[in-house]
2 protein chains.
Amino acid sequence: MSRAATTSDVFNAIAEPRRREIIGLLAGGQARSVNDLVEAMGLAQPAVSKHLGVLREVGVVSVQQDGQRRLYSLNASELKAVHDWASQFERFWSAQVDRIKERAERKAAEVAKKN
Amino acid sequence: MSRAATTSDVFNAIAEPRRREIIGLLAGGQARSVNDLVEAMGLAQPAVSKHLGVLREVGVVSVQQDGQRRLYSLNASELKAVHDWASQFERFWSAQVDRIKERAERKAAEVAKKN
DNA sequence: TTGACATATTCCCGTATCGGAATATTATTA
DNA sequence: TAATAATATTCCGATACGGGAATATGTCAA
């Protein structure tokens, strides 16, 4: 068996840096034309269109026709799955943060005691 | 240019479902041997070893020798990047949740008014 | 040392990737 | 209708993937 298709799920879709870049560009909330994205990314138009196709297929992005352009906008709710999955591990590093905070407080208390 | 290597960054590493499965199995916090994972996953040993190799390379997992076994444990802090990236879009769906909550409250108020 | 066990590595195959080039499609304007 | 602009699709080459089979490496125990 080979690698899972990029279009199979969100995790595969966002594995590609250029696609994360597109998502970032659309994170402002306003729709952008393909050419707009092409210029912003310095990538050829077909390449951008293909990335948009993948994002469209997994539902991360949606299109809206505007004359002879196509305006793409972010459908961020589709990224919730990724957030939820990652949140599962939040306790690991938040515990670390807590420990650091605790240590800092102890240190501050010691300094206060000295003076 | 070809596809980015799986080992290039965490996003690529977690794109593969089997690797997310491994991460899930190690999320309990205790280290697990390769054979343990092999049995839990129903996948051949070389395949599991290779996935572990990828996760090791990006730092999501670390090894500890234990006799003739190798115990793998999760290094969840490496997943923080994914969480942080996804958090950037949290406002999109939390706004949605707020709207749903608001509507529910309005409805509850109406019902209360009726009775 | 020899044998058994646990794990990693190599090689191979079928498949999918990404980007470039060329072309097709769709929408607008003259 | 013809020409032009915006975008999508197809084909290609180089590359990497994931899994299976076979093999190598490493570790212990007798």
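Order of the sequence lines fixes the chain letters, A, B, ..., with proteins taken first and strands second; residue numbering starts at 1 for each chain. This is a predicted model, so every value here is computed, not measured.
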Whole angstrom value for the distance that separates C1' of C:dT9 from CG of B:L52
14 Å
Any chance the side chains of B:H51 and B:R19 put a donor and an acceptor closer than 3.5 Å?
yes
Side-chain contact check for A:Q68: nearest option of C:dA6, D:dC11, D:dA5 is D:dA5
Quick note, side chain to side chain donor-acceptor pair (under 3.5 Å) partners involving residues 35-44 of chain A, not counting sequence neighbours, are A:R32-A:D36
From B:M41 CE over to B:E21 CD, what is the distance, rounded to the nearest 0.5 angstrom?
4.0 Å
If you assign A:H51 and A:Q65 each to the DNA chain C nucleotide with the nearest heavy atom, which residue ends up on the more 5' nucleotide?
A:H51
Divergence of helical axes at both termini of the helix from C:dT1-D:dA30 to C:dA30-D:dT1 - five pairs an end, 10° steps:
10°
Is the count of non-hydrogen atoms from other residues, nucleotides or ligands lying under 6.0 Å from A:R69 atom CZ greater than 12?
no
Upstream residue (5' side of DNA chain C) when A:A44 and A:R70 are each assigned their closest nucleotide
A:A44
What is the distance from CG of B:L43 to P of D:dA21, rounded to the nearest Å?
12 Å
Gap between atoms NZ and P, on A:K50 and C:dT17 respectively (whole Å)
12 Å
Evaluate A:F89 against B:V60 for side-chain contact (heavy atoms from CB on, under 4.5 Å), listing each step before the verdict.
CA-CA 12 Å; A:F89 311 102; B:V60 171; over 6 Å; no
Transitive ILVMFWY side-chain link B:V38 to B:L25, under 4.5 Å
yes
Would you say A:R18 reaches C:dC18's phosphate, i.e. side-chain N/O to OP1/OP2 under 4.0 Å?
no
N or O in side chain of B:R69 less than 4.0 angstrom from D:dT27 OP1/OP2
no
Whole angstrom value for the distance that separates P of C:dT15 from CG of A:N12
18 Å
Can you check the A:I22 CD1 to C:dG19 P distance for me, whole Å?
9 Å
Among B:I22, B:V48, B:L52, which residue meets the side chain to side chain contact (heavy atoms under 4.5 Å, CB included) test with B:Y72?
B:L52
Quiz item: A:Q45 side-chain donor-acceptor pair to D:dA8 base, under 3.5 Å:
yes
Separation of B:E21 atom CD from D:dG19 atom C1', in whole Å?
15 Å
CG of B:D66 versus P of C:dT7: gap in Å, rounded?
9 Å
Residue closer to the 5' end of DNA chain D, A:R56 versus B:V54 (nearest nucleotide):
A:R56
Tell me, yes or no, whether the heavy-atom count around B:Q65 atom CD, taken from other residues, nucleotides or ligands under 6.0 Å, exceeds 12.
yes
Determine: side-chain N/O of B:N35 to OP1/OP2 of C:dT7, distance under 4.0 Å, yes or no.
yes
Counting side-chain heavy atoms from CB outward, which of D:dG18, C:dA8, D:dT7 is closest to B:R19?
D:dG18
With a 4.0 Å limit, can you tell me whether B:Y72 has a side-chain N or O closer than that to the phosphate oxygens OP1/OP2 of C:dA6?
no
Rounded to whole Å, the CD1-P distance (B:I14 to D:dG18) equals 13 Å
